[in-house]
Amino acid sequence: MPLAATGIEGLDTILCGGLTCHRMYLIEGVPGSGKTTLALQFLREGVRRNEPVLYVTLSESIEELRDVAASHHWTLDGITLRELVPGEQSLAPEDQYTVFHPSEVELTETTKLILQDVERLKPKRVVFDSLSELRLLANNPLRYRRQILALKQFFVGRGCTVLLLDDLTATDRDLQVQSISHGVIALEQLVPEYGSDRRRLRVVKFRGKVFRGGYHDYAIRTGGLEVFPRIVAAEYRQSSKRERFSGGLGPLDALLGGGLEGGTSTLIVGAPGTGKSSLAAQFVSAAAKRDQKSAMFIFDESNETLCTRAAGMQIELREHVDAGLISIQSIDPAELSPGEFAHSLRLAVEQHNVSMIVIDSLNGYLNAMPEERFLTIQLHEILSYLGQRGVATLLVGAHHGLVGGAMETPVDASYLADAVILLRYYEAGGEVRQAISIVKKRGGRHERTIREFQLTEQGIQIGEPLTKFRGVLTGVPIPVEEGGSGEGRSGRPT
């Protein structure tokens, strides 16, 4: 069967191409969830394809529909609007029914007007807004079901693809139309304790066709609905070249056994201030010098702060941003849903061909959305997807605490990462210093030494292995030699 595109790219992806033509579909959701906007986008797509379309409204006036369209900078040219809202004359006492129930008069008249418009216009796409009025006019479930069945047979017999909008205002959940419809799309609106409303949709039912199940986030913005399909890593399996990414520093590459590998994820973890973000910026800057594109998604600081701080260590991000080799997106987690964030990652890979992605930090990503469950599972899907696309991913995670043995992370992402770079404070010679080590790397050799790590005005400097100390990772190392104070035994940076 041919497919009717909805005019919403993300929704068509979820539906694997669009709606099956000449069938009836139910779009249900509470008021404010975007049903009317979705319906108008569906009809505008029909107009773009030179198809006759019809919008039948029993709940909103034509003027209100035009206001909705104007808010998205649309016109309704090419869409035939049929308003069946009762006029002000229905308030007159002489027009009130005293002998007959409204269902015996108004339902028949309403149905007659709809059928006349369809016979006259022969539309390919029809929107019926909304079922609440039809349900009330029918007065009883049996008559309501028979009315919907009759409309279904009428529309399908005339080659119409129909959307029925339901605002779920009935006191009892009615599954009659769900059972009759060829497909059902449910729109949901969630209200977190902090931040803007979150919206998500789910294809409840679609007869005879494969679709992408589960919940998918969406947003209502100027221009219509934007739907963000959930990432399913298994759909992107492909063989990719495993490219090696140098960090631009010899000792750093030596620690990593030659550098990072494409298609792998690396977790940079350590206490606040140890240089995790600076190390990630070093990898990104080195990639830009090789004309490789990178994308940074930062939760904890602004773009300007990051670029200024990096420039103070001779890591030039701003010039690469201006050249289009690095994109930096500052994430406002109060406004961004997890699905939209994952969609932004996918666009960076598929549209901008980035070879390296930085997520800074996992603390901001997870703590900013405390009401969102299963974020760790979503992160697993994201990393699997990026790995199959050959992208090198850097995750930044901060420990709770500064110095000591009881250093914990808010979420254990080390099992997800292919490599783990550990940055740690330690005390020596009356000053606080930093150390770097590679504690994990799948599928490759790496150096197991612990080296001193410094952030200087000349850049990141990595010293010789700290062979004269033991217990560096505890934060309070002990000199190997008896009676040594530790002064000058760290192996100064090269």
Side-chain angles (χ1 to χ4, degrees), residues 242-271 273-283 286 356 358 362 383 387 392-399 401-409 412-429 432-456 459-482 484 486 488-494:
R242 296 294 178 178
E243 191 174 359
R244 193 173 292 275
F245 296 87
S246 169
L249 300 173
L252 179 59
D253 290 340
L255 275 170
L256 289 166
L260 302 179
E261 295 178 352
T264 65
S265 57
T266 302
L267 173 64
I268 305 175
V269 64
T274 48
K276 302 180 299 298
S277 299
S278 301
L279 184 59
Q282 172 66 36
F283 276 107
M356 182 178 293
V358 175
L362 287 181
L383 295 179
T393 307
L394 290 172
L395 308 172
V396 176
H399 279 144
L402 296 174
V403 179
M407 304 289 285
E408 298 180 355
T409 55
D412 184 13
S414 60
Y415 76 97
L416 295 176
D418 297 301
V420 177
I421 301 175
L422 176 63
L423 298 174
R424 197 66 183 266
Y425 287 119
Y426 72 99
E427 176 191 351
V432 177
R433 301 173 181 174
Q434 290 135 269
I436 183 173
S437 58
I438 312 300
V439 296
K440 169 187 175 182
K441 186 180 181 185
R442 291 187 184 130
R445 297 176 60 86
H446 64 90
E447 193 175 293
R448 297 184 176 274
T449 60
I450 303 173
R451 293 174 178 254
E452 187 170 9
F453 180 86
Q454 283 188 321
L455 303 175
T456 71
I460 295 176
Q461 296 188 4
I462 299 176
E464 296 297 325
L466 298 171
T467 57
K468 297 183 180 181
F469 289 100
R470 60 183 175 86
V472 173
L473 297 184
T474 67
V476 186
I478 301 173
V480 173
E481 298 177 5
E482 283 291 327
R489 300 179 187 276
S490 62
R492 302 309 299 175
T494 57

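Scope of the values below: all heavy atoms of this structure, side chains included, with no hydrogens, waters or symmetry mates.
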Quick check: does any side chain N or O of [X] sit under 3.5 Å from a backbone N or O of [Y], one acting as donor and the other as acceptor?
| X | Y | result |
| --- | --- | --- |
| Lys441 | Leu256 | yes |
| Arg433 | Tyr426 | no |
| Lys440 | Leu267 | no |

### Message
If the test is side chain to side chain contact (heavy atoms under 4.5 Å, CB included), which one of Val269, Leu383, Val420 qualifies with Leu395?
### Response
Leu383
### Summary
Paired with Leu252, the side chain to side chain contact (heavy atoms under 4.5 Å, CB included) test is passed by just one of Leu279, Leu260, Ile438, namely Leu279
Taking all atoms of both residues into account, what is the closest heavy-atom pair of [X] and [Y], and its distance?
| X | Y | answer |
| --- | --- | --- |
| Gly275 | Leu423 | C-CD1, 3.7 Å |
| Ala286 | Gly248 | CB-N, 3.9 Å |
| Ser437 | Ile450 | CB-CG1, 4.0 Å |
| Ala417 | Ser265 | CA-OG, 3.3 Å |
| Val396 | Ala280 | CG2-CB, 4.3 Å |
| Val472 | Ala435 | CG1-CB, 3.9 Å |

### Message
Could you check whether atom CZ of Arg442 has more than 12 heavy atoms from other residues, nucleotides or ligands sitting under 6.0 Å from it?
### Response
yes
### Query
Which pairs, with at least one residue in residues 244-263 and sequence neighbours excluded, count as a salt bridge (Lys or Arg N to Asp or Glu O under 4.0 Å)?
Arg244-Glu261
### Under the side chain to side chain donor-acceptor pair (under 3.5 Å) test, residues paired with Thr449 that sit two or more places apart
Glu447
### Query
Taking only residues two or more places apart in sequence, or in another chain, which ones meet Ser277 in a side chain to side chain donor-acceptor pair (under 3.5 Å)?
Asp360
### Task
Compare all side-chain heavy atoms of Arg451 with those of Ile436 and state whether any distance is below 4.5 angstrom.
yes
### Message
Quick one, Ile421 and Leu255 - any side-chain contact, counting heavy atoms below 4.5 Å?
### Response
no
### Query
Yes or no on side-chain contact (heavy atoms from CB on, under 4.5 Å) for Thr274 and Phe453, after CA distance, side-chain angles and deciding distance?
CA-CA 9 Å; Thr274 48; Phe453 180 86; over 6 Å; no
### Message
Can you tell me how far apart OG1 (Thr264) and CZ (Phe245) are? Round to the nearest 0.5 Å.
### Response
8.5 Å
### Task
To the nearest 0.5 angstrom, please state how far the OG1 atom of Thr393 sits from the CG atom of Leu416.
11.5 Å
### Message
Test side-chain contact (heavy atoms from CB on, under 4.5 Å) on Asp418 and Thr266; report intermediate values, then the result.
### Response
CA-CA 6 Å; Asp418 297 301; Thr266 302; over 6 Å; no
